[in-house]
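Here is the structure we will look at.
As the structure lists them, so they are numbered: ligands from 1, and atoms in each ligand from 1. Note that these values count all heavy atoms, side chains included, but never hydrogens, waters or copies made by symmetry.
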Amino acid sequence: MRTGRLAPTPSGHLHLGNALAFGAAWISVRNPSRGHDAGGRLLLRIEDLDRGRAREDIAESQRADLRWLGIEWDEEVTPQSQRSYTLEGLDTYQCGCSRATRLSWGCRCRFLPAGARVNGGGWRFRTPEGDVHIEDRARGGLELPPGDDPILMRANGEAAYPLAVVVDDARDGVTEVVRGADLLDATAVQVRLHEALSLPIPEYLHVPLILGKDGRKLSKSHGSTELRALRAAGWTAEQIWAMLLPLIGASPPFASARIDLLRVHRGPVTLPF
Ligand code: GLU
């Protein structure tokens with residue numbers, strides 16, 4: 001069965017960028033574009049692996065924001081903090097080098113023979129060389145550089161996002177991933193991981209990244225773009241959808257909106273406030 005997912009990380013309140021991504025994920029399952037069957041299901045999976053920053057009260061406020069926007073899910077699956085992950089079947093190496101060392105080609109960990117530990121650290125995926133081909137439902141085929149070898153498991157044994165998301169999308173039977181274009185690079189890594197683990201590769205759709213009026217990615221410093229702040233300032237969900245839906249070629253009302261894959265904006269969009 002076609003299965004989508006909402007996968008919020010409960011370390012910050014949902015903002016307009018999250019609203020667009022989660023709204024598009026909902027529409028994609030509920031009001032499918034041409035060529036897709038109706039009748040899919042949508043899961044909610046709380047991605048609370050980062051125990052230092054993830055908070056249940058934020059997860060609860062995210063659920064409330066989603067409901068306020070009209071984004072309902074069929075089932076909430078086990079949160080990531082209650083699942084276990086293994087590196088079995090993956091070509092990994094241990095590396096405790098800093099980002100700066102890796103960026104300046106000062107790290108040799110990737111090339112050391114298995115078992116040769118230098119400076120401890122987390123386990124990285126030895127990403128196969130060469131560009132990664134990904135298929136995006138709106139952008140078509142893309143060749144992306146694989147990027148730096150991602151950490152899959154921290155030194156303390158906690159799984160990191162790239163491993164967890166790939167394994168969980170497969171475990172949860174996810175067939176389509178809809179998320180912000182800021183995760184295109186992550187998609188390249190994840191496709192490689194799906195391949196390495198012989199797991200089915202979901203369909204991808206990347207929706208435009210929304211930037212604050214300072215031109216930066218939305219974060220805690222853009223509190224006024226958080227849904228709860230907009231709601232407190234008198235915005236209605238209808239007004240939010242009237243602003244966001246055109247970015248994916250859809251028109252209000254949200255409940256019957258349909259994504260027009262040819263009209264999904266490619267570039268990032270800057271908010272006027
Ligand atoms: N938890 C991730 C985030 O909030 C999900 C990204 C994804 O959709 O894979 O950034």
Side-chain angles (χ1 to χ4, degrees), residues 3-29 40 42-56 58-63 65-66 69 71 73 76-83 85 125 132 134-138 144 147 150-152 154 158-194 197 199-211 216-220 222 225-227 248 259 264 268:
T3 303
R5 50 36 163 215
L6 311 166
T9 298
S11 58
H13 292 280
L14 299 187
H15 51 60
L16 285 170
N18 301 124
L20 178 61
F22 293 141
W26 184 92
I27 295 171
S28 175
V29 166
L42 188 63
L43 308 177
L44 173 67
R45 183 177 67 224
I46 304 292
E47 304 215 314
D48 53 356
L49 276 180
D50 186 343
R51 279 154 222 247
R53 295 196 310 142
R55 288 179 16 202
E56 177 49 36
I58 296 185
E60 197 42 43
S61 129
Q62 293 179 330
R63 292 184 193 97
D65 285 341
L66 290 169
L69 286 170
I71 301 175
W73 53 95
E76 177 164 348
V77 295
T78 310
Q80 289 186 326
S81 60
Q82 292 172 35
R83 301 184 182 209
Y85 303 91
F125 178 45
V132 187
I134 74 164
E135 286 289 336
D136 177 273
R137 284 161 57 194
L144 299 176
I151 296 267
L152 298 185
R154 300 181 210 294
E158 276 177 20
Y161 163 70
L163 174 65
V165 75
V166 164
V167 170
D168 288 342
D169 280 343
R171 282 201 274 226
D172 295 337
V174 169
T175 61
E176 58 174 72
V177 169
V178 178
R179 57 188 179 191
D182 53 325
L183 287 165
L184 267 167
D185 292 341
T187 298
V189 168
Q190 289 165 26
V191 164
R192 283 286 185 249
L193 282 166
H194 279 279
L197 290 165
L199 296 172
I201 297 173
E203 280 193 90
Y204 292 101
L205 172 62
H206 296 85
V207 300
L209 176 61
I210 297 188
L211 304 174
R216 302 173 94 97
K217 227 177 115 168
L218 296 182
S219 68
K220 283 198 179 112
H222 300 88
T225 69
E226 284 179 356
L227 296 169
I248 49 173
I259 300 172
V264 172

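- Near ligand 1, Arg5, Ala7, Thr9, Glu47, Tyr161, Val165, Arg179, Leu183 each place a heavy atom less than 4.0 angstrom from the ligand.
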Could you please spell out the steps behind the side chain to side chain donor-acceptor pair (under 3.5 Å) verdict for Ser61 and His13?
CA-CA 7 Å; Ser61 129; His13 292 280; 2.8 Å; yes

Worked verdict on Arg53 versus Thr9 for side chain to side chain donor-acceptor pair (under 3.5 Å):
CA-CA 9 Å; Arg53 295 196 310 142; Thr9 298; over 6 Å; no

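- Salt bridge absent: Asp172 and Arg5 never bring a charged side-chain N and a carboxylate O closer than 4.0 Å.
- Shown here are the side chain to side chain contact (heavy atoms under 4.5 Å, CB included) partners of Ala170, two or more places apart in sequence or in another chain: Leu199.
- Side-chain N/O atoms of Asp168 and Tyr85 include a donor and acceptor closer than 3.5 Å.
- Of all non-hydrogen atoms in Leu209 and Ala181, the two that sit nearest each other are N-CB, 4.3 Å.
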